[in-house]
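Okay, so here's the structure we're looking at.
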Amino acid sequence: MKPNFDTIAEVLRNAHTVGVASHIRPDADALGSTIAFALWLRECGKEVTAYNEEGSTSKFHYLPCHEIVVMPPSAPQTFDVFVALDTSVKNRLGSVHEAIAPGTPILNIDHHISNENFGDVNYIDPSAPATGQILFEFFQHVGARISPEMATNLFAAISTDTGSFQYAGTNERTFSAAGHLIACGVDVSALSRAMYDSQPRRRFELLRHALNSAEFDDDGRIATFSLSLELVEKLKVLPEDNEGIIDHLRSVEGVEAAVFFEELPEGKVRVSARSKFPRIDVCKVCKKFHGGGHPMAAGARVDGTLIQVKSDFLKALSDEIRN
Ligand code: 5GP
Ligand code: MN
């Protein structure tokens, strides 16, 4: 039977120790959802531990109560229930994965259509544009009081994953959630300033480079940008700095898909792909490279050099655009 919100409440009802975590390279949906859910579980009297592989990075210090998210220990921990949020495949939990003792029941709550149902209970709603929206609707269902701190985390989660309420999937439910969250105490202008108008100068230097070196293929339908390890070193950029740079490429008239290739230290390349039109499914393309995500925003980590991965991926993307 497909689980519903009552199933989630039931799974958590008798649990005393609960772990919560989300994916590597977290965005505000991953961390905001983790924090909001952990805060609610604490209100319910649970003993809660919140992890992320990177802990709470400085970029997200605007999220209220961000300090409850810590890096996972190296030894496995036992929990009555472990909750994975916004995580499509188990290995995207990164080192958190090793901190969960084998046999721990996993509750998997996510909105990725590519979710592999790795939990013991899997609540997957691909119609929700953010995991934060699922959690908001769950809190409403169980009649939870949403504190200003929880509301701000959920609003940040939804704002990020909808591209500030613009992407496909942003619907009446989304604006209704946002409206309710504002009523619960979100200061929209202060939060937006922290999220969108407080970028580190490093990121600006990366953007400057991206704009200078962007390439256009397929008669301008595909825009790409590559980031080599050498450039990371030179500009002193952190992994968190490149989120959102790709949106500048997609925003160009005539561009139908944008791809960002980032060289990683282990002989791998991180691919981040975005589509502008629902008919172009970048998740399908990323799956060919063992990645996943959403139809219009997806990614993969691919073995190989920057040049090779770029060539292989662009060929597959070109096929998707033409068919
Ligand atoms: P981003 O490009 O911002 O890193 O990720 C876009 C979307 O694709 C996110 O929903 C993210 O979870 C998913 N994604 C990114 N990289 C991977 C990957 O290597 N594997 C899978 N399964 N999903 C990914
Ligand atoms: Mn998400």
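Every number for a ligand or one of its atoms is a count from 1 in the order of the listing.
Under a 4.0 Å criterion applied to the non-hydrogen atoms of Ala297, ligand 1 contributes the atoms 6 (C), 7 (C), 8 (O). Within the listing of ligand 1, atoms 19 (O) sit less than 4.0 angstrom from a heavy atom of Arg301. Distances below 4.0 Å separate heavy atoms of Ser272 from the following atoms of ligand 1: 1 (P), 2 (O). Per-residue contacts place His294 under 4.0 angstrom from the following atoms of ligand 1 (heavy atoms of the residue considered): 10 (O). Every atom of ligand 1 with a heavy atom of Gly293 under 4.0 Å away is listed here by number and element: 8 (O), 13 (C), 23 (N).
Protein heavy atom at the shortest distance from atom 15 (C) of ligand 1 is Gly299 CA, 3.4 Å.
For residue His111, an N/O/S atom approaches the Mn ion (ligand 2) to within less than 2.8 Å. Taking backbone and side chain together, Asp86 holds an N, O or S atom under 2.8 Å from the Mn ion (ligand 2).
Considering backbone and side-chain N/O atoms, Gly292 comes within less than 3.5 Å of an N/O atom of ligand 1. Ligand 1 has a nitrogen or oxygen under 3.5 angstrom from a nitrogen or oxygen of His112. Residue-to-ligand polar distances place Arg92 within reach of ligand 1: an N/O pair is separated by less than 3.5 Å. Every N/O-N/O distance between His23 and ligand 1 stays at or above 3.5 Å.
With respect to the Mn ion (ligand 2), Asp29 has OD2 as its nearest N, O or S atom. When the N, O or S atoms of Asp161 are ranked by distance to the Mn ion (ligand 2), OD2 comes first.
No option in Arg221, Lys284, Lys287, Lys315 other than Lys284 meets the salt bridge (charged side-chain N to carboxylate O under 4.0 Å, His left out) test with Glu320. Paired with Ile8 under the rule side-chain contact (heavy atoms from CB on, under 4.5 Å), one option of Ile134, Val142, Leu107, Leu135 passes, and it is Leu107.
Heavy-atom proximity to atom 5 (O) of ligand 1, evaluated over Arg274, Arg25, Glu243, is greatest for Arg274.
Rounding to the nearest 0.5 Å places CG of Leu63 at 7.5 Å from OG of Ser56.
For the pair Arg173 and Glu137, the salt-bridge criterion is met [side-chain N within less than 4.0 Å of a carboxylate O]. With respect to Glu243 and Lys59, a salt bridge is recorded, a charged nitrogen being found less than 4.0 Å from a carboxylate O. For Glu205 and Arg202, the salt-bridge test fails: no basic side-chain N is under 4.0 Å from an acidic carboxylate O.
By the 30° and 60° cut-offs, the orientation of the rings of His112 relative to His23 is perpendicular.
Phe5 has its ring centre no less than 6.0 Å from the ring centre of Phe139. With ring centers used as reference points, Phe225 lies 6.0 Å or more from Phe261.
Residue-ligand proximity: Arg270 is placed with a non-hydrogen atom under 4.0 Å from ligand 1.
Within the 4.5 Å cutoff, the side chain of Val18 has heavy atoms near those of the Leu12 side chain.
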